[in-house]
Amino acid sequence: MSLIPDVAKRILQEQGRTQKWVTEKMNSINPSLEMDKNKFSAIVNGNRKMSGDELLAFCMALEISPDVFTDQEVM
C-alpha cells in the first residue's frame with residue numbers, strides 16, 4: 001500500500017489545497033527542499049519517496065501532525 005501518497009492526496013482534498021499552494025508553502029518553510037510541482041506530483045502519484053524533511057515541511061504547511069501518516073489498521 002502507498003500510504004504517504006494516499007494520505008497526502010486525502011489531506012489536500014480535505015483542506016481544498018492545490019499542489020502549487022503546498023509546494024510554495026513547503027519552500028517558504030524549508031527553502032533547501034527546492035520543492036516544485038513535478039517533485040510533489042511524483043510523490044502524490046507514488047513515483048517518488050518523500051524525504052523526512054519534505055514530510056515535516058508538508059505537515060507544517062498544512063498544520064497537521066505527522067501522526068496522520070501512521071497506518072493504524074496495520075498495527
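Residues: numbered from 1 along the sequence shown.
To the nearest 0.5 angstrom, N38 atom CG is 11.0 Å from I43 atom CD1. Going from atom CG of L62 over to atom CZ of R17 covers 7.0 Å, rounded to the nearest 0.5 Å. Atom CE of M26 sits about 12.5 Å away from atom CD of E34, to the nearest 0.5 Å. To the nearest 0.5 angstrom, I29 atom CD1 is 5.0 Å from M60 atom CE. Taking CD1 of I64 as the start and CD1 of I11 as the end, the distance is 3.5 Å to the nearest 0.5 Å.
A distance-only check finds no donor-acceptor pair linking the side chain of K39 to the backbone of T23 [under 3.5 Å]. Within the 3.5 Å criterion, the main-chain N or O of K25 finds a donor-acceptor partner in the side chain of S28.
Taking both residues in full, the closest heavy atoms of F40 and M35 are given as N-SD, 3.6 Å, listed atom of the first, atom of the second, then distance. Contact record, L3 with T70: CD2-C, 4.2 Å, taken as the closest heavy-atom pair. Here the closest non-hydrogen pair linking A8 and F69 is N-CE2, 4.1 Å. When all heavy atoms of A61 and W21 are compared, the closest pair comes out as O-CH2, 3.4 Å. Of all the heavy atoms in Q19 and L12, the pair that sits closest is CG-CD1, 4.3 Å. The nearest pair of heavy atoms linking P66 to C59 is CA-SG, 3.7 Å.
Taking hydrophobic clusters as Ile, Leu, Val, Met, Phe, Trp and Tyr residues chained together by side-chain heavy-atom distances below 4.5 Å, M50 does not share a cluster with L56.
Contact of the L33 side chain with the N27 side chain is registered, since non-hydrogen atoms from C-beta on lie closer than 4.5 Å. Side-chain contact between K37 and K20: absent, with no pair of heavy atoms (C-beta onward) separated by less than 4.5 Å.
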